[in-house]
Amino acid sequence: MKTPAPLGWLLSLVMLGGCSALFDSGGDTGSNSDRLTAPFEPHVDLLADVNRDGVVDERDEAGEETWSAERGAIFLANIDDDQKACPFSPSFTQLSDEQLAGCNDSQDTEVNGEEDLKDLARLRVAPWPGAPSYAVGSVSVTGAGSDKVRLFKRMDGEFLSFRIANVLPLSARDLREGVDLAIEANDIVRDAAVWDGRVEVTLTIYHVDRPQELFRDTVMMRVAPVVLFHHLTPVRNVYVSRLDTEASARFREDLGGALVSSREPTLFSEFAVDDLWAQDYFEPAYMALPTEGGGQHVIQVNLRSANVNAGERPVPLREAGRIVYWLRGRDQAAVQQYQSGLSPESQTLNSMGNTEVIPPYEKDGVKYPLGRLLRGRGPDSEPDFQLDPSFTRMLDAQAVQPVVYLDTSWLAVAHVDETVSFLPVDSPRGWIALVADPALARRMLMDARARGHGEAKLFEGKRWVLEQPAEMTVSMLLDHAGVMDTNAMAALEIEEQLAVLREETGITDAELVRVPFLFQGSTHGATALQPGTVNLLSVSRSLVIAPDPHGPVIDGKDLFKAQLEQALAPHGIRVHWSDTWDLYHVGGGEVHCATNAARVPSPVKWWEGGR
């Protein structure tokens, strides 16, 4: 927004002096009389990439002072580590969590090489060849986030920052020749009540002998939000924990082979951490900036889980979550956010297997082009069994993937990925929901017994902890009153979850795939008795990796394998079965819990989302 000062005010100026030392006029400033009486007709302009085409030019002029889905300039939180300058201790003991979190490219006043420069959004003060010698100015950042922003000015071919990070002085020569600028944030948005991610960048012109403002041009900018991946895009990198056990080696070998068979250009990363649950200790996400040609420059943002350790520990947060700092590097950022003092029982909710993404959809005229977060929590009547509020505020503050909540308090682990998953398909909606269905599992077993297969065995050759035999017949399982009671309860709870999904997404029964398996009771709630096949890894539009259910083999086929294969075959999805029993199932998790995945960013840019 351009606001020249009225000419009458200029003609009434009187010489008081004392301010000229604040500015370098960049040449002969002429007589005092010339400077005080010459008409001021500004032809100066502050430009940013308002139209989001990756180029800063005169086409960015319209609507620059506001921000909307259609127009508005964007910048990034420059919190990656392009030159790998941040220290990391593989032993997890050398540096504190806060020391690790505090290191990234935005914490210095330099542009750390050409790769770092790509993370900075550009602005430009357009040349004003006729700028009078008395005109000087500044570019500054105002608003709630002004302390989270640093400006850079191009001088002698380099982008340099000044002592006051969000104010850059401009001489008369700068105004005549034009100036290239760059901007970065030193953090993502963490609490919308404190900062909503918007800042105003303002070009102000002054009279060299007067501090009063003569002209102002303002551009509104918004820092990119952190977007979590959904399953409609293929996997780019699969992560798994590497334990020094034979079972871990077998699982990793099988997983790697399945990824190769997918023929997707997928990386496979193994973490040497003493924590089985790669899904839970961090979550890959991303933020993006428009680039020339309609692309987007992406920084992957790895969110550390807000799991706080109970008791006295050297590291307050779950130690394996420090992997986000090992991953940090070029276009790889790390974020941690947590609140101490929450109940130990609630910490399971803060594992990232309890934060998933419903893929994009539209309902009642409202579009969710990046999907919506799906999170489990306890009912309001259980205030001590709730999600970390500070982490929740951070997710909410991104404002592009509003949350849907399900009650998961009836589950021992209490994660949404135990009962619900999503797969891409060729349909008007573009995806289906996989939902655990213990009632269907019971009906399938009853039908098997009715057809004379009551003695068929489940879990053949398998054992629980303490070497307790797991093997049982179909009839033994159906006659177990405790298991059947648990599953009657589980079926009701899952129907409640489905009611929420139907209300929020409009999903129909035809878009649901019922995934049969039974639950069992435990001290803290229900867990999967049969390997929970809904807890799988979606690799691409044609492949999922699911846990081997070890169901009864009837007519040469595992009853439960055949059901899921038949349900997914019409969608062109092949199932690769992986044996997770010894390593993961007995501990309460399956393939999805055991893995994590960074995906190709959505082809729909976040700024096109209308929020």
Side-chain angles (χ1 to χ4, degrees), residues 66-69 72-80 101-102 104 106 119 121 141-150 183-200 220-230 282-289 298-307 317 321 324 333-340 342 349-350 352 354-358 360 366-377 386-405 504 601-602 604-611:
T66 60
W67 207 98
S68 68
I74 297 163
F75 66 116
L76 290 175
N78 187 17
I79 56 173
D80 63 346
N104 56 63
S106 75
D119 301 335
V141 180
T142 57
S146 61
D147 62 337
K148 303 181 186 299
V149 170
R150 176 174 285 107
I183 186 172
E184 67 179 10
N186 60 26
D187 201 2
I188 65 169
V189 179
R190 295 181 185 253
D191 186 338
V194 177
W195 179 41
D196 67 358
R198 289 168 170 81
V199 295
E200 290 186 339
M220 175 74 75
M221 302 191 76
R222 178 182 173 183
V223 73
V226 176
V227 181
L228 275 65
F229 297 104
H230 57 70
F282 81 112
E283 180 73 18
Y286 69 97
M287 54 186 171
L289 183 74
V298 173
I299 292 180
Q300 183 170 315
V301 182
N302 299 306
L303 303 174
R304 185 178 185 180
S305 74
N307 296 125
L317 285 170
V324 299
V335 168
Q336 70 180 32
Q337 178 72 41
Y338 69 99
Q339 178 175 320
S340 299
L342 304 177
L349 295 172
N350 299 323
M352 300 311 297
N354 192 40
T355 297
E356 296 300 313
V357 182
I358 303 171
V366 180
K367 295 180 179 180
Y368 302 96
L370 297 172
R372 300 180 67 179
L373 301 186
L374 183 67
R375 309 189 77 198
R377 66 179 179 185
Q386 300 295 335
L387 294 149
D388 182 308
S390 69
F391 195 90
T392 296
R393 284 194 296 272
M394 181 182 72
L395 292 180
D396 290 345
Q398 309 313 310
V400 291
Q401 294 173 305
V403 184
V404 174
Y405 290 103
E504 294 293 342
S602 170
V604 177
K605 283 80 170 179
W606 68 263
W607 52 87
E608 299 170 350
R611 294 178 183 275

Chemist: Hey, what do you get for CZ (F282) to CG (N302), rounding to the nearest 0.5 Å?
Modeler: 5.5 Å

Chemist: Got a second to check how far Y405's OH is from T392's OG1, nearest 0.5 Å?
Modeler: 5.0 Å

Chemist: Could you work out, with side chain to side chain contact (heavy atoms under 4.5 Å, CB included) as the rule, every residue matching D187, not counting sequence neighbours?
Modeler: R190

Chemist: Using the rule given for side chain to side chain contact (heavy atoms under 4.5 Å, CB included), can you reason through W195 versus V223, listing the C-alpha separation, both sets of side-chain angles and the distance that settles it, and then say yes or no?
Modeler: CA-CA 10 Å; W195 179 41; V223 73; 3.8 Å; yes

Chemist: Using ring pair (Phe, Tyr, Trp, His ring centres under 6.0 Å) as the criterion, list what pairs up with F75, not counting sequence neighbours.
Modeler: none

Chemist: Who are the side-chain hydrogen bond (donor to acceptor under 3.5 Å, both in side chains) partners of N350, not counting sequence neighbours?
Modeler: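 side-chain hydrogen bond (donor to acceptor under 3.5 Å, both in side chains) list for N350, sorted by chain: Q347.
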
Chemist: Quick check for you: to the nearest 0.5 Å, what is the distance between M287 atom CE and D119 atom CG?
Modeler: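 Atom-to-atom, M287:CE and D119:CG are 7.5 Å apart.
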
Chemist: Could you pull out the closest heavy-atom pair between M221 and I74, with the gap in Å?
Modeler: CE-O, 3.8 Å

Chemist: How long is the gap from CD1 on I299 to CD1 on I188, to the nearest 0.5 Å?
Modeler: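 One finds 12.0 Å between CD1 of I299 and CD1 of I188.
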
Chemist: Please enumerate all residues that pass salt bridge (charged side-chain N to carboxylate O under 4.0 Å, His left out) together with E356, with sequence neighbours excluded.
Modeler: none

Chemist: Taking all heavy atoms of M394 and all of V189, pick out the closest pair and write down the distance.
Modeler: CG-O, 3.9 Å

Chemist: Please tell me if the side chains of M220 and T66 come closer than 4.5 Å, counting only heavy atoms from C-beta onward.
Modeler: no

Chemist: Could you walk me through whether L374 and V357 pass the side chain to side chain contact (heavy atoms under 4.5 Å, CB included) test, one step at a time?
Modeler: CA-CA 5 Å; L374 183 67; V357 182; over 6 Å; no

Chemist: Over all heavy atoms of both residues, which pair between N354 and L349 is shortest? Give the atoms and the distance, please.
Modeler: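 For N354 versus L349, the nearest heavy atoms are ND2-O, 3.0 Å.
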
Chemist: With no hydrogens and no angle check, is any side-chain donor or acceptor of W606 less than 3.5 Å from a backbone partner on L370?
Modeler: no

Chemist: If I take atom CD from residue E200 and atom OG1 from residue T142, how far apart are they, to the nearest 0.5 angstrom?
Modeler: 4.5 Å

Chemist: What's the spacing between Q386 CD and R377 CZ if we round to 0.5 Å?
Modeler: 6.5 Å

Chemist: Please find the pair of heavy atoms, one from P360 and one from P369, that lie closest to each other, and give the distance.
Modeler: CG-O, 3.2 Å

Chemist: Is there a side-chain contact between S305 and T355, using heavy atoms and a 4.5 Å cut-off?
Modeler: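 A side-chain contact under 4.5 Å is absent here.
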
Chemist: With the side chain counted from C-beta on, respond yes when Q401 and V227 share a heavy-atom pair under 4.5 Å apart, and no when they do not.
Modeler: yes

Chemist: Could I get the full list of salt bridge (charged side-chain N to carboxylate O under 4.0 Å, His left out) partners for R375, not counting sequence neighbours?
Modeler: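 With sequence neighbours excluded, R375 shows a salt bridge (charged side-chain N to carboxylate O under 4.0 Å, His left out) to no residue whatsoever.
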
Chemist: Hey, does the side chain of N186 reach the backbone of S106 with a donor-acceptor pair shorter than 3.5 angstrom?
Modeler: no

Chemist: Does D191 have any salt bridge (charged side-chain N to carboxylate O under 4.0 Å, His left out) partners at least two apart in sequence or in another chain, and if so, which?
Modeler: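 D191: salt bridge (charged side-chain N to carboxylate O under 4.0 Å, His left out) contacts with R393.
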
Chemist: Can any side-chain N or O of Q398 pair as donor or acceptor with the backbone N or O of V226 at less than 3.5 Å?
Modeler: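 Pair found, side chain donor or acceptor close to backbone of V226.
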
Chemist: Compare every heavy atom of A334 with every heavy atom of V324, then report the nearest pair and how far apart it is.
Modeler: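 Closest pair (atom of V324, atom of A334, distance): O-CB, 3.5 Å.
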
Chemist: Which atom names give the shortest non-hydrogen contact between Q300 and P284, and what distance separates them?
Modeler: NE2-CB, 3.9 Å

Chemist: Would you indicate whether the side-chain heavy atoms of L228 and E283 approach each other to under 4.5 Å?
Modeler: yes

Chemist: Answer whether the closest heavy-atom distance between the side chains of N78 and R150 falls below 4.5 Å.
Modeler: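 A side-chain contact is absent here, since even the closest heavy-atom pair is not under 4.5 Å.
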
